[in-house]
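Working notes, structure below.
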There are 2 protein chains.
Amino acid sequence: MASVTSLPHPEMSEVRLTDVLFALSDPARLEIVRELAGGPLSMAECGTFNPALPKSTKSHLFKVLREAGVVRNEPQGRGRVLHLRRDELDRAFPGLLDSVLAAE
Amino acid sequence: MASVTSLPHPEMSEVRLTDVLFALSDPARLEIVRELAGGPLSMAECGTFNPALPKSTKSHLFKVLREAGVVRNEPQGRGRVLHLRRDELDRAFPGLLDSVLAAE
DNA sequence: AGGATTGTTCAAGTATTATCGAACCATGGC
DNA sequence: GCCATGGTTCGATAATACTTGAACAATCCT
């Protein structure tokens, strides 16, 4: 019943630009997105920029990104793999991610 | 002394990407930016998407945009003119505004 | 099965943001 | 000078968002 294993992800058609912008507007979340731009990572591998971050806090950061449609969070083994929904975002908001990731 | 006439604007060099993204992440502020993309407007002309908006609220929306470096607010006659800092933003964050404004 | 590992969710406290009326300020025109 | 116009700032309240420990869930491994 409502296993936590598979988390809900919005369809890209119902993702709003403002929600994506909001998700990216936090430095910690943006940093996570930058890390994920290099390829999928487990949650443990991700967020190394701040190793002291409690796992509940980290989980919350990913939740915001996931609910905004920026990131996909899927179970793998005993952990989870995160990846940027890059192709989908590029289709929905052409150039957005490129420009954000290009900014120093 | 500290006349309100001329409001402080950040140098583009000290504008942070996350602040810009945050400023754009609110639907009302984003709508204002869309209106300003067509050219400078007085505050009265701007924000017509919600005519019932109190002027203090509207002023606050502009303040957030101004402090994030998105908009310039300058006195003109008895009122004020607002304009998007488009060229500067394009230089600092190439493609960002384009992609945001292009999104439907 | 039991324990270790990896996260998620809940709840509570804190902090940041939004909203809007009222007071205030500057300018233009009479 | 005085008043109307156009907008900012202040102050209070409401609404969101962030942070974190503790409890819980799923999986792997022996």
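Here is how names work: the chains are called A, B, and so on, in the same order as the sequence lines, proteins then strands, and each is numbered from 1. Quick note: numbers below take in every heavy atom, side chains included, and nothing from hydrogens, waters or symmetry partners.
Residues forming a salt bridge (Lys or Arg N to Asp or Glu O under 4.0 Å) with A:Glu88 (at least two apart in sequence, or on another chain): A:Arg72, A:Arg85. For the salt bridge (Lys or Arg N to Asp or Glu O under 4.0 Å) test, residues two or more places apart in sequence or in another chain that qualify with A:Arg16 are A:Asp19. With sequence neighbours excluded, the residues satisfying side chain to side chain contact (heavy atoms under 4.5 Å, CB included) with B:Thr57 are B:Leu53, B:Pro54. Applying the salt bridge (Lys or Arg N to Asp or Glu O under 4.0 Å) criterion to B:Asp26, with sequence neighbours excluded, gives no partner residue. Applying the side chain to side chain contact (heavy atoms under 4.5 Å, CB included) rule to A:Pro94 yields no partners; only residues at least two apart in sequence or on another chain are considered.
In this structure, A:Val81 shares a hydrophobic cluster with no other residue, the cluster being traced through Ile, Leu, Val, Met, Phe, Trp and Tyr side chains under 4.5 angstrom apart. B:Phe22 belongs to a hydrophobic cluster with A:Phe22, counting contacts under 4.5 Å between side-chain heavy atoms of Ile, Leu, Val, Met, Phe, Trp and Tyr, direct or through other members.
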Encode nucleotides 11-17 of chain C as B, S and - characters from 5' to 3', where the letter depends on protein heavy atoms closer than 4.0 Å: B to the base, S only to sugar-phosphate, - to neither. ------S
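With the end axes of the helix from C:dA1-D:dT30 to C:dC30-D:dG1 each set by five pairs, the angle from one to the other reads 30° at 10° resolution.
The phosphate of D:dT8 has OP1 or OP2 within less than 4.0 Å of a side-chain N or O from B:Arg80.
When the nucleotides C:dG29, C:dT8, D:dT27 are ranked by their closest atom to the side chain of A:Asn73, C:dT8 comes out on top. Nearest nucleotide to the side chain of B:Arg66, out of C:dG7, D:dT9, D:dC18: D:dT9.
For the side-chain hydrogen bond (donor to acceptor under 3.5 Å, both in side chains) condition, the pairs that include at least one residue of residues 29-46 of chain A, sequence neighbours left out, are A:Ser42-A:Glu45.
Using a 4.0 Å cut-off on heavy atoms, the residues of residues 46-58 of chain B that approach DNA chain C are B:Pro54, B:Ser56, B:Thr57, listed by number.
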Kindly list each side-chain donor-acceptor pair under 3.5 angstrom involving residues 97-104 of chain B, sequence neighbours excluded, with atom names and distances?
residue : atom : partner : partner atom : Å
B:Asp98 : OD1  : B:Arg86 : NH1          : 3.2
B:Ser99 : OG   : B:Gly95 : O            : 3.2
B:Ser99 : OG   : B:Leu96 : O            : 2.8

